Amino acid sequence: MKTLILDEPFNLSLADTPFPAAPQAGEALVKVHKVGICGSDLHAFKGEQNFFEYPRILGHELAVEIVQLGSPLAELSVGDICAVNPYLNDGTCIACRRGKTNCCQNMRVLGVHQDGGMREHFLVPATHLYKADLSVDELAQVEMLAVGAHAVRRARLDKQENVLVIGAGPIGLGTAAFARLEAKKVAMLDVSETRLEFVRQLGLAEAINTRTDVISELKERFSGDLPTTVFDATGSAGSMVNAVTYCAHGGQLILVGHTKNELPFHNPSIHARELSLHCSRNATEEDFKRVITTLEQKQIDVEAWITHRASPEELVKNFASWTKPETGVLKGLLEF
Ligand SMILES: [Zn+2]
């Protein structure tokens, strides 16, 4: 069967690998239909991903079909089309015991810490499959949206709140899409006019360019106030630190992206605001199910977010170009 292997940075190859063994109890053998390509996959390709070992089979944004179950399950059957929760938690650590499975102390992420879904078939823990009445294109975007939905759940927004999302990549767009369902008004900030134009076309949020007088632009859109909740989905240390200046007094900053750098926050700025600072990591089963319901109810439409598609053979040739901003990739899909 076809398997894409990232042998080392800048070297993605297509191999013919043996079909997986039969699933054990609790496992499911799945056929992979679509794989969303994430920013972290592109970082791994460029050798910029922390704690990453090569060779590795990438792929954690997955739309799959159940081919065989290792043990019978009430909620899943052969032929079901499912999203995959790639966050394999140990179920026993302090975070898991408190329901925070998204930040398990011993987290193993499919496609990052162990081999993922860029292959025709593989074995997945059945507890990490969520059946959905969605297209396979939509299903391949559930994980990405769940990261945004989780960040919004962390924020506990109310209908009186104005929200700013910094970074109009797929995670930022997902965050804005869910914030919009719960807040009064949402604005997005980005350096790329192409991405901001996409935000305007979707009617997702107010779109502000980083090169403008951002504070004035925010106050103009939010009746003279700054946003009470700011999400940073850039992964840029500079942006994350500067985001404080956009937060209203008494507000909160949610860091959805992450960086390997230190974040030197200016204490007078965060103290004067009595700023609440949260990190938001991955997503839980609750977030995945929320995303599936929201998509099933057509409250969010993500078909337009897919800008590029490739077969396994094409991806080997095109992956390097997908890492370049000028290619204009918002969401790329690998199609088996
Ligand atoms: Zn755990």
Side-chain angles (χ1 to χ4, degrees), residues 20 23-30 35-36 38-41 43-44 49-54 56-62 64 66 69-71 73-76 82-118 122-132 139 142-156 171 174-175 178 231-233 235 240 252-260 263 276-293:
Q24 305 286 307
E27 285 183 329
L29 174 66
V30 298
V35 185
C38 169
S40 66
D41 297 323
H43 285 302
Q49 179 84 307
N50 274 339
F51 309 112
F52 194 89
E53 288 168 13
Y54 302 85
R56 177 65 70 223
I57 301 170
L58 298 172
H60 62 273
E61 300 184 359
L62 302 163
V64 305
I66 298 175
L69 287 166
S71 45
L73 286 165
E75 63 277 22
L76 294 173
C82 299
V84 178
N85 177 344
Y87 307 119
L88 307 184
N89 62 304
D90 66 2
T92 57
C93 78
I94 179 68
C96 288
R97 295 200 309 271
R98 298 176 72 223
K100 294 176 70 77
T101 55
N102 58 305
C103 58
C104 172
Q105 242 175 286
N106 302 301
M107 177 68 77
R108 309 271 311 159
V109 182
L110 286 175
V112 180
H113 307 101
Q114 65 188 64
D115 285 336
M118 283 197 185
F122 77 120
L123 295 166
V124 185
T127 50
H128 282 60
L129 292 173
Y130 309 131
K131 183 182 171 179
L139 272 174
V142 167
E143 187 273 342
M144 163 194 91
L145 290 168
V147 172
H150 182 75
V152 170
R153 187 156 67 87
R154 292 273 290 149
R156 300 169 184 270
I171 297 293
T175 303
F178 280 90
F231 296 93
D232 191 292
M240 289 153 90
Q252 59 178 346
L253 173 60
I254 321 283
L255 302 177
V256 194
H258 53 93
T259 168
K260 49 186 169 182
L263 297 176
S276 299
L277 177 64
H278 298 280
C279 295
S280 181
R281 186 183 178 196
N282 301 333
T284 67
E285 178 172 338
E286 180 182 343
D287 302 309
F288 277 82
K289 292 195 167 165
R290 166 96 206 278
V291 170
I292 288 169
T293 306

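Since this is a predicted model, take the numbers as computed values, not measurements. Hydrogens, waters and symmetry mates play no part in the numbers below; they use all other heavy atoms, side chains included. Both counts, for ligands and for their atoms, begin at 1 and track the order of listing.
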- Message: Just to be sure I understand the site: which N, O or S atoms from the protein are less than 2.8 Å away from the Zn ion (ligand 1)?
- Response: Asp90 OD1, Cys93 SG, Cys96 SG, Cys104 SG
- Indicate yes or no for a side-chain donor-acceptor contact from Thr101 to the backbone of Cys96 under 3.5 Å, with no hydrogens or angles considered. no
- Could you tell me whether the side chain of His128 and the main chain of Tyr87 form a donor-acceptor pair under 3.5 Å? yes
- Hey, are Glu285 and Lys289 close enough for a salt bridge, meaning a charged N less than 4.0 Å from a carboxylate O? yes
- Would you say the side-chain atoms of Asn89 pair up with the backbone N or O of Cys104, donor to acceptor, closer than 3.5 Å? no
- Item | Side chain proximity check, Ile66 to Cys82, heavy atoms < 4.5 angstrom | yes
- Message: Taking Gly91's backbone N and O only, do any of them form a donor-acceptor pair with Arg97's side chain (distance below 3.5 Å, no angle check)?
- Response: no
